[in-house]
Amino acid sequence: STTRQIADWRAQGLATVPVAVNLSMQQFRQPGLSEFIRGVLADTGLPGGALELELTEGVAMMDSDFTVSTIDGLKQLGLTLSIDDFGTGYSSLSYLKRFNVDKLKIDKSFVDGIESDPEDVAIVRTVIQLARELGIRTIAEGVETEAQRQKLRELSCDEMQGWLISPAVAPGEVARRYLAPAEP
């Protein structure tokens, strides 16, 4: 599992960064999710900050006391929470105010057109500005060209992911390429 891999890297003395894990609507709806994740963290000896959970907009749109309490329970574990594929489905600004999320992931469909489509630029700029006003970080998904990276930098996007940044790599390769020895 992801948490065991992170624990293995740490046991090897490697400094790790938080690893993002997608959480489906079905997984999110499971009673006791926070307690389950608390147990996984305890079993592997990891702090909550080692994990980032990505929630779909569909999860975020389940605007209920259950959703709020589940998100609060996950946040109490020290986890980072992000809304994945922001702007493609059920976007509602009310959940950004109600839920305690840390990041918005700007969908690749907007990043794809950022080099030439003024509407995509306007959408990305607006999402970044809105997130900044709410104290939420932004991540651009699917960055594949240097021109996209430059435009996202101009727009002050906080983070980027995609093939330009790194191709998909196996866990052993992650350690070799990207993880340095932990600071004593």
Side-chain angles (χ1 to χ4, degrees), residues 1-28 30 32-60 67-87 95-96 99-108 111 127-128 130-132 134-144 149 152-153 156-184:
S1 81
T2 302
T3 52
R4 293 207 192 291
Q5 181 61 70
I6 300 167
D8 287 348
W9 286 330
R10 287 179 171 224
Q12 295 170 36
L14 299 172
T16 59
V17 295
V19 175
V21 177
N22 289 327
L23 194 63
S24 73
M25 190 176 308
Q26 182 178 5
Q27 291 168 318
F28 184 84
Q30 292 296 316
L33 175 65
S34 297
E35 292 76 21
F36 171 75
I37 293 177
R38 180 188 319 275
V40 168
L41 293 172
D43 289 347
T44 56
L46 293 175
L51 282 181
E52 178 177 317
L53 295 184
E54 296 181 356
L55 310 174
T56 65
E57 282 188 304
V59 168
T67 304
V68 171
S69 65
T70 301
I71 287 174
D72 286 346
L74 294 169
K75 290 295 295 178
Q76 288 173 13
L77 297 175
L79 302 174
T80 299
L81 299 178
S82 63
I83 301 296
D84 197 17
D85 302 329
F86 183 76
Y95 72 72
L96 293 180
F99 301 146
N100 187 11
V101 299
D102 304 287
K103 298 179 182 181
L104 294 180
K105 296 187 80 175
I106 302 167
D107 189 70
K108 180 182 182 335
V111 173
V127 169
I128 290 169
L130 172 65
R132 180 165 291 114
L134 295 173
I136 300 172
R137 294 180 61 81
T138 51
I139 306 172
E141 297 181 298
V143 179
E144 296 178 351
R149 179 179 11 207
L152 289 161
R153 281 184 177 157
S156 301
C157 185
D158 295 307
E159 300 176 31
M160 297 174 216
Q161 68 182 52
W163 288 97
L164 182 68
I165 311 306
S166 174
V169 295
E173 190 68 9
V174 169
R176 191 180 69 72
R177 283 189 191 191
Y178 302 113
L179 301 181
E183 300 272 328

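Predicted, not measured: the structure shown is a model, and the values here were computed from it.
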Under the rule for side-chain hydrogen bond (donor to acceptor under 3.5 Å, both in side chains), what residues qualify as partners of [X], not counting sequence neighbours?
X      : result
Asn100 : none
Gln27  : Ser24
Ser69  : none
Lys108 : Asp112, Glu144

Hey, what do you get for [atom1] ([X]) to [atom2] ([Y]), rounding to the nearest 0.5 Å?
X     : Y      : atom1 : atom2 : value
Thr80 : Leu53  : OG1   : CG    : 9.0 Å
Leu41 : Ile37  : CG    : CD1   : 7.5 Å
Asp84 : Leu104 : CG    : CG    : 10.5 Å
Ser82 : Ile139 : OG    : CD1   : 5.5 Å
Leu77 : Leu51  : CG    : CG    : 9.5 Å

Please list, one pair per line, the donor and acceptor atoms closer than 3.5 Å that link side chains of residues 157-165 to other protein atoms, with sequence neighbours excluded.
unit_1 : atom_1 : unit_2 : atom_2 : d
Asp158 : OD2    : Thr138 : N      : 2.9
Asp158 : OD2    : Thr138 : OG1    : 3.4
Glu159 : OE1    : Lys103 : NZ     : 3.4
Glu159 : OE2    : Lys103 : NZ     : 3.1
Glu159 : OE2    : Arg137 : NE     : 3.3
Gln161 : OE1    : Lys105 : NZ     : 3.2

Contact between Gln30 and Leu23 at the side-chain level, heavy atoms closer than 4.5 Å - yes or no?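 Contact flag for Gln30/Leu23 side chains = no.
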Are any of the side-chain heavy atoms of Ile71 and Phe28 separated by less than 4.5 Å?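 Heavy-atom side-chain distance check passes, below 4.5 Å.
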Got a sec, which pairs hit side-chain hydrogen bond (donor to acceptor under 3.5 Å, both in side chains) with one end in residues 32-47, sequence neighbours left out?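 For residues 32-47, and leaving out neighbouring residues, there are no side-chain hydrogen bond (donor to acceptor under 3.5 Å, both in side chains) pairs at all.
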Can you name the nearest heavy-atom pair linking Leu152 to Ala140, along with the distance?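 Shortest heavy-atom separation between Leu152 and Ala140 comes out as CD1-CB, 3.5 Å.
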Apply side-chain contact (heavy atoms from CB on, under 4.5 Å) to Val40 and list each qualifying residue two or more places apart in sequence or on a separate chain.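 Partners of Val40 under the side-chain contact (heavy atoms from CB on, under 4.5 Å) test: Thr3, Phe36.
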Taking side-chain contact (heavy atoms from CB on, under 4.5 Å) as the definition, give me every residue that meets it alongside Ala50, ordered by chain and number, with sequence neighbours left out.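 Listed in chain order: Ile6, Arg10, Leu46, Pro47.
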Residue pair Ile83, Glu54: steps toward the side-chain contact (heavy atoms from CB on, under 4.5 Å) verdict: CA-CA 6 Å; Ile83 301 296; Glu54 296 181 356; over 6 Å; no
Test Phe99 against Asp72 for side-chain contact (heavy atoms from CB on, under 4.5 Å), laying out the working first. CA-CA 8 Å; Phe99 301 146; Asp72 286 346; over 6 Å; no
Before giving the answer on side-chain contact (heavy atoms from CB on, under 4.5 Å), spell out for Leu81 and Leu74 the whole-Å C-alpha distance, their side-chain angles and the decisive distance to 0.1 Å. CA-CA 8 Å; Leu81 299 178; Leu74 294 169; 4.3 Å; yes
Would you mind listing every salt bridge (charged side-chain N to carboxylate O under 4.0 Å, His left out) that reaches into residues 164-175, with sequence neighbours excluded?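 Listed once each, the pairs are Glu173-Arg176, Glu173-Arg177.
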